[in-house]
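No hydrogens, no waters, no symmetry mates; every other heavy atom, side chains included, goes into these values.
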Amino acid sequence: MDPVRTRFCNLRVPAGGNEAMPRELVVEDGRFVAVTPADQATAAEGEQWVDLGGRLVLPGAIDGHVHFDDPGFTHREDFSSGTAAAAAGGVTCVVDMPCTSLPPVTDASALAHKLAVIAPKAHVDFMLWGGVSANALEQPGWRDRLAALAAGGVAAIKVYLLSGMDSFRHLTVHQLGDVLDEARALGLPVGVHAEDAETVRTEESLLRRQGLDSPRAWADSRPAIAEVRAVEAVIEACRRTGARAHIVHLASGEALDRVSAAHRDGCPISAETCPHYLEFTADDLEAMGSLLKTAPVVKSAADRARLWQGLAEGDLAFVATDHAAGQWPDEKQTGSIWTDYGGVPGVELLLPYLFSEGVHRGRLSLARLTQVLSAGPARFFGIDHRKGALKPGLDADFVVLDESATWTVHARDLHNLNRYTPLEGRRLTGRVIATYLRGRLVFERRADGGEEVLAPAGTGEYVRREAARGANDGDDPR
């Protein structure tokens with residue numbers, strides 16, 4: 001009979017600041033039952049021992065913002081390829097967006113359909129955002145549909161103040177207030193794509209009338225002021241309703257200043273950023289073209305510096321990837337920046353990038369890394385009683401990292417469906433060696449270059465949010 005307990009030994013875990021200390025992890029039935037000093041460990045009868053070779057072990061990362069496009073747009077990404085990439089990157093739980101699948105997840109029927117399609121494909125655990133679009137608000141009973149999503153365990157509610165999708169249209173500021181009111185009553189936070197629609201419409205119309213069709217024109221069509229104006233509107237609605245609002249994929253330093261000031265003033269608002277905003281600027285967009293096309297756009301070096309500062313100092317709740325691959329090259333290389341698909345893949349590089357460019361380069365402490373990749377999103381999505389830390393009672397989700405391994409990013413080596421990345425050719429320090437989900441090895445990179453280990457599809461489970469946990473009760477994800 002297989003042993004019921006596994007002791008992971010010869011490893012180190014974060015201990016505050018940049019320190020790491022020797023520990024042993026004892027796992028039973030998929031959960032940590034003990035985290036003990038290595039010199040105090042005692043063998044129990046029937047335990048299986050796994051030697052991790054002195055490696056650094058981190059909590060499994062949680063990517064709170066992915067678009068795996070399943071069902072409906074699986075030529076871009078599907079749940080099997082997306083969660084395989086997650087496992088290879090040390091991400092043990094993803095939170096999938098409601099807007100880029102068909103039908104969009106705006107009611108209980110769509111939620112049930114999506115779960116039936118994706119659950120058999122998942123290599124890691126997953127949560128789902130629910131959504132409210134202008135399409136849904138125009139139909140009677142939207143409050144009942146939102147309540148049904150909450151009862152179905154969705155992680156949060158996603159809305160847009162600017163959207164280019166016919167199937168998921170953006171809200172007015174007045175409609176945003178209505179949704180925030182209802183979400184507060186249901187104990188759900190609301191994630192907002194915050195760009196001012198009128199500003200962007202005006203700028204884009206002017207540029208297109210001038211015949212401009214370049215990456216720089218795309219950047220100019222979505223100026224920083226569009227983010228700032230939208231964030232100010234969200235803050236006002238957040239203050240008025242008392243609901244928790246969250247700015248997704250924030251790119252503007254000035255917008256972050258607004259969020260930070262409002263939060264210090266007692267407004268229950270938070271924000272996330274993405275690796276591409278921490279790495280690239282509009283100059284890179286001009287050089288790379290649609291490879292780096294996203295919305296919001298990457299901005300200036302000053303914006304980038306402010307985001308790193310905010311990440312280190314706690315102004316940002318967590319980092320997520322906004323993983324959104326288009327079909328390469330058909331959708332990403334159409335011949336016009338205005339019709340090229342906007343979005344980049346990133347889930348597999350989230351942890352390695354932040355370790356390399358954050359911890360290794362001295363921008364983030366090791367302790368802060370675990371906050372922005374694990375503990376912070378776990379609190380925000382109401383699952384910190386299950387995930388986000390190396391603690392007894394929590395799911396045994398963890399990552400084994402080779403801190404000194406230096407390697408080159410090549411899209412051909414990634415696991416997502418459409419293999420392109422703006423980080424092509426980048427040298428990173430720190431590489432995922434193995435990923436464990438609830439104590440089970442779901443990914444292993446062979447030291448000898450042999451065949452990788454990947455757990456079968458269906459290993460991952462749907463993780464439900466518990467009502468009102470960490471949403472509007474004052475629990476700060478930072």
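Heavy-atom minimum distance, Tyr420 versus Gly343: OH-O, 3.2 Å. A pairwise comparison of heavy atoms in Val399 and Ala61 identifies CG2-N, 4.5 Å as the closest pair. In terms of heavy-atom proximity, Asp303 sits nearest to Ala251 at CB-O, 3.8 Å. Here the closest heavy-atom approach between residue Val359 and residue Ser365 is recorded as CG2-O, 3.9 Å. Thr199 approaches Ile225 most closely through the heavy-atom pair CG2-CG2, 4.1 Å. Considering all non-hydrogen atoms of both residues, Leu56 and Ala20 come closest at CD1-CB, 3.9 Å.
The CG atom of Leu149 lies 13.0 Å from the CH2 atom of Trp129; values are rounded to the nearest 0.5 Å. For the atom pair CG (Asp330) and CH2 (Trp328), the distance works out to 11.0 Å, reported to the nearest 0.5 Å. The distance from the CG atom of Leu180 to the CD1 atom of Ile157 is 11.0 Å, given to the nearest 0.5 Å. Atom CG of Leu390 and atom CG of Leu58 lie 7.5 Å apart (nearest 0.5 Å). With rounding to the nearest 0.5 Å, the separation of CG in Leu292 from CG in Leu423 is 9.0 Å. The distance from atom CZ of Arg368 to atom CG of Leu354, rounded to the nearest 0.5 Å, is 10.5 Å.
Considering only heavy atoms from C-beta on, Phe280 stays 4.5 Å or farther from Leu285 through its side chain. Between Tyr462 and Leu128, some side-chain heavy-atom pair lies under the 4.5 Å cut-off. Between Leu161 and Val234 the shortest side-chain heavy-atom distance falls below 4.5 Å. A heavy-atom distance below 4.5 Å is not found between the side chains of Glu203 and Asp220.
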**Message:** For a side chain to side chain donor-acceptor pair (under 3.5 Å) check, start with the C-alpha distance between Thr241 and Asp181, then their side-chain angles and the critical distance, and finish with the verdict.
**Reply:** CA-CA 6 Å; Thr241 62; Asp181 256 334; 5.0 Å; no
**Request:** Let me see the working for Tyr160 and His170 under ring pair (Phe, Tyr, Trp, His ring centres under 6.0 Å), right down to the final yes or no.
**Result:** CA-CA 5 Å; Tyr160 286 77; His170 59 256; 8.5 Å; no
Solution key, residues 89-97 side-chain donor-acceptor pairs under 3.5 Å, sequence neighbours excluded:
residue : atom : partner : partner atom : Å
Asp96   : OD1  : Phe68   : N            : 2.8
Asp96   : OD2  : Lys114  : NZ           : 2.8

Solution key, residues 253-262 side-chain donor-acceptor pairs under 3.5 Å, sequence neighbours excluded:
residue : atom : partner : partner atom : Å
Glu254  : OE2  : Arg258  : NH2          : 3.0
Asp257  : OD1  : Arg306  : NE           : 2.7
Asp257  : OD1  : Arg306  : NH2          : 3.1
Arg258  : NE   : Glu232  : OE2          : 2.9
Arg258  : NH2  : Glu232  : OE2          : 3.4
Ser260  : OG   : Arg264  : NH1          : 2.8
Ser260  : OG   : Asp315  : OD1          : 3.1

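Between His65 and His249, the angle of the ring planes lies from 30° to 60°, which puts this pair in the tilted group. Under the 30°/60° scheme for interplanar angles, the aromatic rings of Trp338 and Trp218 are found to stand perpendicular.
Judged purely by atom type and a 3.5 angstrom limit, Arg465 uses its side chain to pair as donor or acceptor with the backbone of Phe381. Under a 3.5 Å cut-off, the side chain of Thr281 and the backbone N or O of Ala301 do not form any donor-acceptor pair.
Look at Glu198 and Arg229 and you find no salt bridge, because none of the NZ, NE, NH1 or NH2 atoms lies under 4.0 Å from a carboxylate O. For Arg216 and Asp283, the salt-bridge test passes: some basic side-chain N is under 4.0 Å from an acidic carboxylate O. Between Glu236 and Arg239 there is no salt bridge, since no side-chain nitrogen of the basic residue lies less than 4.0 Å from a carboxylate oxygen of the acidic one.
Residues satisfying the salt bridge (charged side-chain N to carboxylate O under 4.0 Å, His left out) criterion with Asp395, sequence neighbours excluded, are Arg31, Arg386, Lys387. For Phe443, the ring-ring contact (aromatic ring centres under 6.0 Å, His included) partners at least two apart in sequence or on another chain are His415. Under the ring-ring contact (aromatic ring centres under 6.0 Å, His included) criterion, His246 pairs with Phe318, Phe380, not counting sequence neighbours. By the side-chain contact (heavy atoms from CB on, under 4.5 Å) test, Ser374 is found to be paired with Pro59, residues two or more places apart in sequence or in another chain being considered.
There is no side-chain donor-acceptor pair under 3.5 Å between Ser81 and Asn416.
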